[in-house]
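First the structure, in the form of structure tokens, and then the observations on it.
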There are 2 protein chains.
Amino acid sequence: MTYELYYWTGIQGRGEYIRLALEAAGAPYRDVAREEGDGILSKVSREVATPSFAPPFLRDGDVVVGQVAAILLYLGDKLDLAPAEPRLRLWTHQIQLTIADFVLEGHDVHHPIGAGEYYENQKPESLRRAAEFRAQRVPKFLGWFEGILARNPEGQTHLVGDRLSYADLSLFQVMDGLAYAFPVLMGELYPRYPKIRALCAAVAGHSRIRAYLASERRLPGNENDLFRHYPELDAKA
Amino acid sequence: MTYELYYWTGIQGRGEYIRLALEAAGAPYRDVAREEGDGILSKVSREVATPSFAPPFLRDGDVVVGQVAAILLYLGDKLDLAPAEPRLRLWTHQIQLTIADFVLEGHDVHHPIGAGEYYENQKPESLRRAAEFRAQRVPKFLGWFEGILARNPEGQTHLVGDRLSYADLSLFQVMDGLAYAFPVLMGELYPRYPKIRALCAAVAGHSRIRAYLASERRLPGNENDLFRHYPELDAKA
């Protein structure tokens with residue numbers, strides 16, 4: 001079975017959380033809009049019984065599912081990227097939802113007034129929002145992730161259990177995005193979170209992920225993406 | 001088994017999505033902070049193996065789960081408020097995640113610069129964000145909900161299947177919040193979405209929900225809540 005991922009071309013974006021899961025599992029998939037263009041996204045959305053409010057969405061035979069966390073909930077079972085035990089499976093999902101919140105805040109730093117206006121038209125507001133993001137929000141989120149790694153009874157390089165999960169892959173992706181967008185901030189903060197660093201190093205060293213990151217399928221960061229490098233928004237915490 | 005809900009006192013907030021599910025099912029629960037004060041929230045968070053990034057969280061014996069959508073995923077099974085069929089169960093969850101996105105945008109209208117500053121210190125920014133919210137975002141979300149109601153093969157007063165689900169309850173709660181915060185806007189828009197209206201009327205008429213809404217357990221809206229009535233942010237779309 002070949003999975004079909006539907007997501008905008010040209011950015012990592014929210015699609016990347018799905019790509020990392022598919023790539024880590026070595027699952028066959030098509031990145032449909034990269035083959036057929038972005039027009040396919042709305043076309044398919046009009047046709048299916050369960051249209052996603054926005055990309056990404058995934059098609060697996062008769063199943064069409066949207067919302068990153070719901071897609072990963074589904075793939076976690078299919079690709080063995082989540083614990084089988086229901087309580088840990090739910091905890092993995094809870095962590096993923098927290099990552100989703102963090103990602104959205106990372107986006108809203110450069111679009112505090114709304115996604116409908118260009119960054120250039122909301123720059124003063126972005127400067128204010130970025131200051132709070134750097135000083136309050138990033139340390140709060142990273143402290144939480146470091147803390148739950150420390151509390152994981154089965155080891156501290158995985159968020160849940162003793163094996164790779166989709167949440168580990170997603171945390172890696174967030175940290176990669178933060179490093180791209182906020183090199184000054186992360187140069188200061190990152191050393192304070194040794195468990196997150198160890199997790200990210202383990203993910204980056206995973207054989208299939210390493211191959212993916214070196215491939216042309218992995219797009220570089222850019223200023224249309226969720227995490228954007230605007231130097232004026234970056235500073236120490 | 002008595003469920004324990006942990007959430008801030010004084011507001012409906014995100015806790016209300018959980019309360020509505022518990023109330024609709026007639027499930028026994030304690031609203032712990034309302035009995036013991038807000039201090040219990042951080043105390044319990046420090047003690048458990050799966051601490052939530054923020055309230056609400058739910059305790060059910062040994063299970064402690066946070067994030068509204070994850071709590072409802074869990075309760076949907078336990079309280080029979082979601083379809084049993086896996087594909088529809090996933091679709092219900094996907095809808096809930098879209099509701100969560102909508103709720104957050106409803107909050108950010110009055111806190112575009114960040115939750116760390118008072119509304120009074122981000123009023124001009126809120127005015128700009130509210131204009132986009134009214135003209136673009138609310139119609140886009142409501143159109144999506146109306147559309148999936150129209151596509152539900154099992155009936156159009158439920159988002160999924162032919163019975164009440166936690167997603168129906170949550171959509172009711174969002175609409176109630178919007179009506180509170182944006183009476184002018186919703187006076188204009190709401191008549192355009194007859195299926196959402198029928199769903200909300202059905203939820204409000206549900207015997208246990210009707211009793212709950214008339215009880216002292218249901219707090220009135222206020223300007224510490226997610227949805228706030230600031231007349232300067234309200235206008236036609």
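What's counted below: heavy atoms across the whole structure, side chains too, no hydrogens, waters or symmetry copies. Proteins come first, then strands; the chains are lettered A, B, ... in the order of their sequence lines, and each starts at number 1.
In terms of non-hydrogen atom pairs under 4.5 Å with chain A, the most contact-rich of Ala54(B), Ala70(B), Pro112(B) is Pro112(B). Ranked by heavy-atom pairs under 4.5 Å with chain A, the first of Gln136(B), Gln122(B), Lys140(B), Gln96(B) is Lys140(B). For the set Arg137(B), Glu105(B), Arg46(B), the count of heavy-atom pairs under 4.5 angstrom toward chain A peaks at Arg46(B). Of the residues considered (Gly147(A), Ala49(A), Ala115(A)), Ala115(A) shows the highest number of contacts with chain B, using heavy-atom pairs under 4.5 Å.
Using a 4.5 Å cut-off between heavy atoms, Ser126(B) makes no contact with chain A at all. Residue Asn152(A): no heavy atom, backbone or side chain, is found under 4.5 Å from chain B. Contact of Ser45(B) with chain A is made through the backbone alone, with heavy-atom distances under 4.5 Å. For chain A, the nearby part of Leu104(B) is the side chain; its heavy atoms alone come within less than 4.5 Å. For Phe141(B), the parts sitting under 4.5 Å from any heavy atom of chain A are the backbone and the side chain alike. Residue contact with chain A, scored on non-hydrogen atoms closer than 4.5 Å, is absent for Val109(B). With a 4.5 Å cut-off on non-hydrogen atoms, Ile113(B) touches chain A through its backbone and its side chain both. For Leu73(B), the part lying under 4.5 angstrom from a heavy atom of chain A is the side chain only. For Val64(A), the part sitting under 4.5 Å from any heavy atom of chain B is the backbone (N, CA, C, O) and nothing else.
Taking the side chain as every heavy atom from C-beta outward, His93(B) and His93(A) approach each other to under 4.5 Å. No side-chain heavy atom of Gln94(A) sits less than 4.5 Å from a side-chain heavy atom of Phe53(B). Within the 4.5 Å cutoff, the side chain of Ile95(B) has no heavy atoms near those of the Thr50(A) side chain. No side-chain heavy atom of Pro86(A) sits under 4.5 Å from any side-chain heavy atom of Tyr74(B).
Not counting sequence neighbours, the partners of Arg128(A) by the salt bridge (Lys or Arg N to Asp or Glu O under 4.0 Å) test are Glu117(B), Glu125(B).
Scanning all heavy atoms of the two residues, the minimum distance from Leu97(B) to Ala69(A) falls at CD1-CB, 4.1 Å.
Between atom CG of residue Asp60(B) and atom CZ of residue Arg87(A) there is a gap of 9.5 Å, rounded to the nearest 0.5 Å.
Proximity of a side-chain donor or acceptor of Arg151(B) to a complementary backbone N or O of Pro51(A) within less than 3.5 Å is not detected.
Side-chain contact of Thr98(B) with Gln67(A): a donor-acceptor pair under 3.5 Å is present, judged by distance alone.
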